[in-house]
Amino acid sequence: MRIDILTLFPDMFESPLSCSIIKRAQDSGLVEIALTDIRDFSTDNYRKVDDKPYGGGPGMVMMPGPVFDCFEHVRKLSDEKGRVILLTPQGQKFDQAKALELSNEKRLIFIAGKYEGFDERIRIGLGAEQISIGDYVLSGGELAAMVIIDAVVRLLDGALGDEDSAKDDSFSEGLLEYPQYTRPEVFRGMKVPEVLLSGDHAKIAEWRRRQALERTKKWRPDLLKEIEKREN
Ligand code: ADE
């Protein structure tokens, strides 16, 4: 997979992209991630990339010119056209199903904007889909892009050490994950559930399934409603 990120703040990505699973996935060639600074495509002496909104109102809006020029430069960096994603609170809400869908693409191009928003012609002209990571407003799309990239890259075949470990994740079947325990067997008076020490794999699987269901019912009943909707 190739991931391109168009941003005004490439430095923000440095640390998240150079740690842990994302770093390993890049080092082993599973994914190539390239950052491009939109400001390099400003035609203005002051490297201006935003302006006041027509019709008045507060804040500044990303101008279409630098974003289009930057995008056209980036698109040519690979033969694969890619899927173009604009980060905005107006977008479709990101979830595990979307992460899985994106993990099957050969190329993703993220456009992260600061300020109050994008000139509408950016979305229309670039044929971009809009994604939001939740119903709150961030000061820019950068953190949203990082969240999505993290969720997507860990799903690439071979990104996780243990091939199975993404399968039981919370949400992978629409349920929260079952509780996990490791050594010691007793910690500050709290014991590991007996069934996990039993060695009876069928019983353990059954216990985990029940725990996952119970926790989902208690903490995220909205997820169970989603499953019911899907099954009916
Ligand atoms: N940019 C600002 N807020 C955002 C959000 N919630 N999701 C995606 N991009 C954003």
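Each ligand, and each atom within it, is numbered from 1 in the order the structure gives.
Residue-to-ligand polar distances keep V137 apart from ligand 1: every N/O pair is separated by 3.5 Å or more. Below 3.5 Å of separation, one finds no N or O of I131 facing any N or O of ligand 1. For a threshold of 3.5 Å applied to N or O pairs, the pair formed by A144 and ligand 1 contains no separation below that value.
Residue, atom and distance of the protein heavy atom nearest to atom 9 (N) of ligand 1 are T88 N, 3.2 Å. Residue, atom and distance of the protein heavy atom nearest to atom 6 (N) of ligand 1 are Y136 O, 2.8 Å. From the protein, the heavy atom lying nearest to atom 4 (C) of ligand 1 is P89 CD, 3.6 Å. Looking at atom 7 (N) of ligand 1, its nearest protein heavy atom turns out to be I133 N, 3.0 Å. Looking at atom 3 (N) of ligand 1, its nearest protein heavy atom turns out to be L138 N, 3.0 Å.
G113 does not count as a contact of ligand 1, since none of its heavy atoms falls under 4.0 Å from the ligand. Look at L143 and you'll find every heavy atom at least 4.0 Å from all atoms of ligand 1.
Within a 6.0 Å sphere centred on CZ of R230, other residues, nucleotides and ligands contribute more than 12 heavy atoms.
Rounding to the nearest 0.5 Å gives a distance of 9.0 Å between CZ of F118 and CD of Q130. Between the CD atom of E80 and the CD1 atom of I109 there is a distance of 10.0 Å, given to the nearest 0.5 Å.
The side-chain heavy atoms of I131 and K98, taken from C-beta on, include a pair separated by under 4.5 Å.
Linking Ile, Leu, Val, Met, Phe, Trp and Tyr whenever their side-chain heavy atoms come within less than 4.5 Å puts I85 and F9 in one cluster.
Checking side-chain atoms of R2 against main-chain N and O of K106 turns up no donor-acceptor pair under 3.5 Å. Judged by distance alone, the side chain of R39 and the main-chain N or O of R47 form a donor-acceptor pair under 3.5 Å.
Near L87, with a cut-off below 4.0 Å to any heavy atom, the atoms of ligand 1 are 9 (N).
Put simply, the residue from I111, L6, I38 that forms a side chain to side chain contact (heavy atoms under 4.5 Å, CB included) with V74 is L6.
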